[in-house]
Structures are given as structure tokens and as C-alpha cells.
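Report on the structure given below.
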Amino acid sequence: MIAHLKMLLCTFLIFSCYACDKEVTPQDLQVHFEGSVPLKDLIFEGEDWIAVGGETFQSGIIAKGNLTTTESSIEQISERCINSILQHDSSTTSSVYFTTGVYSFGALRNGLWNISTNANPFILREITESNGYLYAAGGAGLSSGIIYTLTPDLDLVHTEDFTNDLYFVRKIGDKIFVGGFGALIYADNDTGPSKSWNIIDTYEDHWLDIEYVEDFGIVVLGASGRIIKSNNEGNTWEEIMTPTVAGVTDFKDLLIYSGKIYLACGENICASDVNNIDFQTINLAGMGEINRLAGNNGRIYFVTDSGQMLSIVH
């Protein structure tokens, strides 16, 4: 019994060192917005910013502001949490946005929201756009996942069930990548609403997020602490960071910006140069658990479960 407890303590200490080694103080920490409900996602359009979030089964909100002013607004647009927001790839002068959330997907056009409730209780976590269709991914537990294919008018044209809870769906180049609990797959995006999915099984993990930078490649983050990279559109992969000894982390989001990799690590941000993986922990304890990172105008912005939108220089 004592030996077992010593082993657990040792594992905890190793994980703690991994998560907190090389701590640094945040530079020029700024608070841009403070609300009372969790914020889940953040996007920019020039100096304007939009954040979405809410309480899981109580409210879905959108917050807006401008980086050059102190003015901001917040509005409840749904009875359930909004998890992600995507700006429509359009040349029209009127901005269109798509959202996914708890049992719902939605769109903002001409200042009016249209939130559609799913027939099935799937928590949708992300949405992407490709060749005239939208693809929304999510799940209802570790062994249940879904991808909805929609028109820009939110008409449902195809549904595909998976045995894996899905966490992201992203168009990268000529492919659409999807990842989640024990699943990393891709499909060509030049086909119709239904896809023929290819399995990437070089590494196994609970895949949380994916990023792409043209001069670096595709990078995927796993909940174990594993990070993998491909510089040939996903045909082959290499591991650039191995899992923790404990096999679990509090990582939640991945950002590649200005030659660095940033990870949302609980209430902190882990940062490393992309060409020399050696993470430092930017200590932000007390600000709330970080849900999303975004780079803009030389700063790292992030939204938290405490309802704040903040930024630092790094």
C-alpha cells in the first residue's frame, strides 16, 4: 500500500514538474473584457473581436468589442452554451458568422441570429467550411460522435455517425481533418456533402486541436501531451513532443503564431519556439481556465472560464 502511494506521488510530482517547469512572468497583461459566464472561442475581424460562450444548459452568449476602445457588449442568443464561431468565407460586404454549441448550430446574418436545435443531443464543438458546405463536429460521450453537413442556410444535407467523440474539424489545404477521442481522420474536400474518411493511425491519442502554418506544417495536440507534425499534408507524421509520464495533461488548445507554439495549460500558457521544442510556462494563475488562444497584432489573446478576454506580449 505504501509503495503504491509512493508511486502515485512520484507520478504526480513528475507531471507537476512537466506542467510547471521554467515558469516566467507574463508581459504586459491586459484585460479587454470581463463577464460573468465562461467564454469558449474568440475570433478577430481587424480591430473588432467576437467571443462566444455561456453556461452549458443555461445560456449561450456572444460578446463583442474593439481593441482601440473600451466599449463592449454582451448578448444572450441561445438557451445553451455556444462553443465555437467561424466567419463565413465570403466577399460580400455583410459579415456572416456560423456557430456550434450544445445541441445546436447557428448563423448570424444582417445582425440577426438563427439558432437551430439538433434533433439528437450532440455537443457540437467546431465548424468548418469547404466548397459550399459547412461541417460541424461533436459528440455525446467518448464513444459517440457526429459530423453534420449543412448548407450555408443551415439546411442539413448529410449526417455521419462515429464511435469516437469528436473535438475539431478543420479545412487545411485540399483536405478536411477531424480529430477526437482515439480518432484522427481526413477526407478530400473537393467531393460532395458525404465523405470517404481516411484513418491516420501512426499515433494514438485523445486529439484536441489542430493548427496549420504554411512554412511549418500541420500540428496536432493530444490530451496526453503528445504533439505530432506533418509537413506533407498529412501523408506522414513525426512526434515533436512525447506524452507525459502520467499520460494526461490539462492542455486544451493549440496556437502557432510568430514562430512559436502556444498551449492552453489550465490557467497558464505554455510557450516554445517551433524549431526547438522547450516549453516555458507563462504563469497566469487566478485568471481562470483558458479555453482558446488567438494571435493578433503581435499579442496573444485568450478567453477563460471566468468570463474574461485578456492578452499578453510574448
Side-chain angles (χ1 to χ4, degrees), residues 13-33 39-44 49 51 67 167-168 170 172 179 203 205-231 237-306 308-314:
L13 289 174
I14 291 172
F15 172 66
S16 298
C17 291
Y18 179 92
C20 302
D21 194 25
K22 301 178 183 177
E23 285 195 0
V24 296
T25 302
Q27 299 180 35
D28 192 25
L29 175 64
Q30 296 183 16
V31 180
H32 304 276
F33 178 81
L39 297 178
K40 303 293 186 179
D41 197 10
L42 172 68
I43 61 172
F44 288 93
W49 59 265
L67 297 176
Y167 275 65
F168 64 78
R170 203 79 52 86
I172 297 177
Y203 300 96
D205 217 305
H206 180 174
W207 302 109
L208 301 175
D209 195 19
I210 189 169
E211 284 286 321
Y212 170 73
V213 175
E214 186 174 353
D215 58 355
F216 188 66
I218 303 170
V219 182
V220 189
L221 171 67
S224 73
R226 174 182 278 120
I227 300 178
I228 61 174
K229 172 192 171 184
S230 173
N231 56 13
W237 297 85
E238 63 174 313
E239 189 178 60
I240 62 174
M241 190 163 81
T242 59
T244 65
V245 174
V248 63
T249 68
D250 53 3
F251 295 159
K252 186 172 283 188
D253 192 47
L254 166 70
L255 171 69
I256 302 177
Y257 185 68
S258 294
K260 295 182 180 180
I261 297 179
Y262 297 93
L263 305 175
C265 313
E267 293 188 343
N268 302 316
I269 296 175
C270 298
S272 172
D273 186 89
V274 295
N275 295 314
N276 181 23
I277 303 301
D278 185 20
F279 279 98
Q280 295 179 327
T281 299
I282 303 171
N283 192 332
L284 296 157
M287 298 296 173
E289 185 172 346
I290 298 170
N291 290 316
R292 189 76 74 197
L293 303 164
N296 189 50
N297 289 334
R299 300 182 67 88
I300 305 301
Y301 292 82
F302 51 101
V303 290
T304 72
D305 258 351
S306 64
Q308 294 180 310
M309 196 269 276
L310 310 98
S311 72
I312 58 172
V313 172
H314 187 262

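The residue from Lys40, His32, Arg292 that alone fulfils the side-chain contact (heavy atoms from CB on, under 4.5 Å) condition with Val303 is Arg292.
Between the side chain of Thr281 and the backbone N or O of Cys270, no donor-acceptor pair lies under 3.5 Å. Side-chain atoms of Asp305 do not come within 3.5 Å of backbone N or O of Glu289 as any donor-acceptor pair. The backbone N or O of Ile210 sits less than 3.5 Å from a side-chain atom of Arg170, completing a donor-acceptor pair. No side-chain donor-acceptor contact under 3.5 Å links Asp41 to the backbone of Ile43.
Inter-residue side-chain proximity for Asp278 and Asp273 is flagged as unmet; no heavy-atom pair is nearer than 4.5 Å. Using a 4.5 Å heavy-atom threshold, the side chains of Ile269 and Ile312 count as touching. Within the 4.5 Å cutoff, the side chain of Arg299 has heavy atoms near those of the Asp28 side chain. Side-chain contact between Ile227 and Leu263: present, with at least one pair of heavy atoms (C-beta onward) separated by less than 4.5 Å. Considering only heavy atoms from C-beta on, Phe33 comes within 4.5 Å of Leu39 through its side chain. Looking at heavy atoms from C-beta onward, Glu267 lies out of side-chain contact with Leu284 at the 4.5 angstrom threshold. Contact annotation: the side chain of Phe279 never approaches that of Lys22 to less than 4.5 Å [non-hydrogen atoms, C-beta and beyond]. At a threshold of 4.5 Å between non-hydrogen side-chain atoms, the residues Val220 and Lys229 do not count as touching.
Taking CE from Met309 and OG1 from Thr304, the interatomic distance works out to 11.0 Å, rounded to the nearest 0.5 Å. In this structure, the separation between OG on Ser230 and CZ on Phe216 is 11.0 Å, given to the nearest 0.5 Å. To the nearest 0.5 Å, the span separating CD1 on Ile277 from CD1 on Ile240 amounts to 4.5 Å. How far CD of Gln308 is from CE of Met287: 6.5 Å, rounded to the nearest 0.5 Å. One distance of note links CG of Leu254 with CH2 of Trp207; it measures 11.5 Å at 0.5 Å rounding. Atom-to-atom distance recorded for Tyr212:OH and Ile218:CD1 is 7.0 Å, nearest 0.5 angstrom.
Between Ile282 and Asn268, the shortest heavy-atom distance links the atoms O-CB, 3.3 Å. Across all their heavy atoms, Tyr257 and Gly298 have their closest contact at OH-N, 2.9 Å. The nearest pair of heavy atoms linking Ala294 to Leu42 is CB-CD2, 4.1 Å.
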(message) Show, in sequence, the C-alpha distance, side-chain angles and deciding distance for Ile290 and Lys252, and conclude whether the side-chain contact (heavy atoms from CB on, under 4.5 Å) test is met.
(response) CA-CA 8 Å; Ile290 298 170; Lys252 186 172 283 188; over 6 Å; no
(request) Could you please spell out the steps behind the side-chain contact (heavy atoms from CB on, under 4.5 Å) verdict for Phe251 and Asp209? (result) CA-CA 10 Å; Phe251 295 159; Asp209 195 19; over 6 Å; no
(message) Checking Tyr301 against Leu67 for the side-chain contact (heavy atoms from CB on, under 4.5 Å) test, could you report, in this order, the C-alpha distance in whole Å, the side-chain angles of both residues, the deciding distance, and whether it holds?
(response) CA-CA 11 Å; Tyr301 292 82; Leu67 297 176; 3.5 Å; yes
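Taking the side-chain hydrogen bond (donor to acceptor under 3.5 Å, both in side chains) definition, one finds that Asn275 meets it with nothing, sequence neighbours left out.
Between His314 and Tyr262, the ring-plane angle classifies as perpendicular under the 30° and 60° cut-offs.
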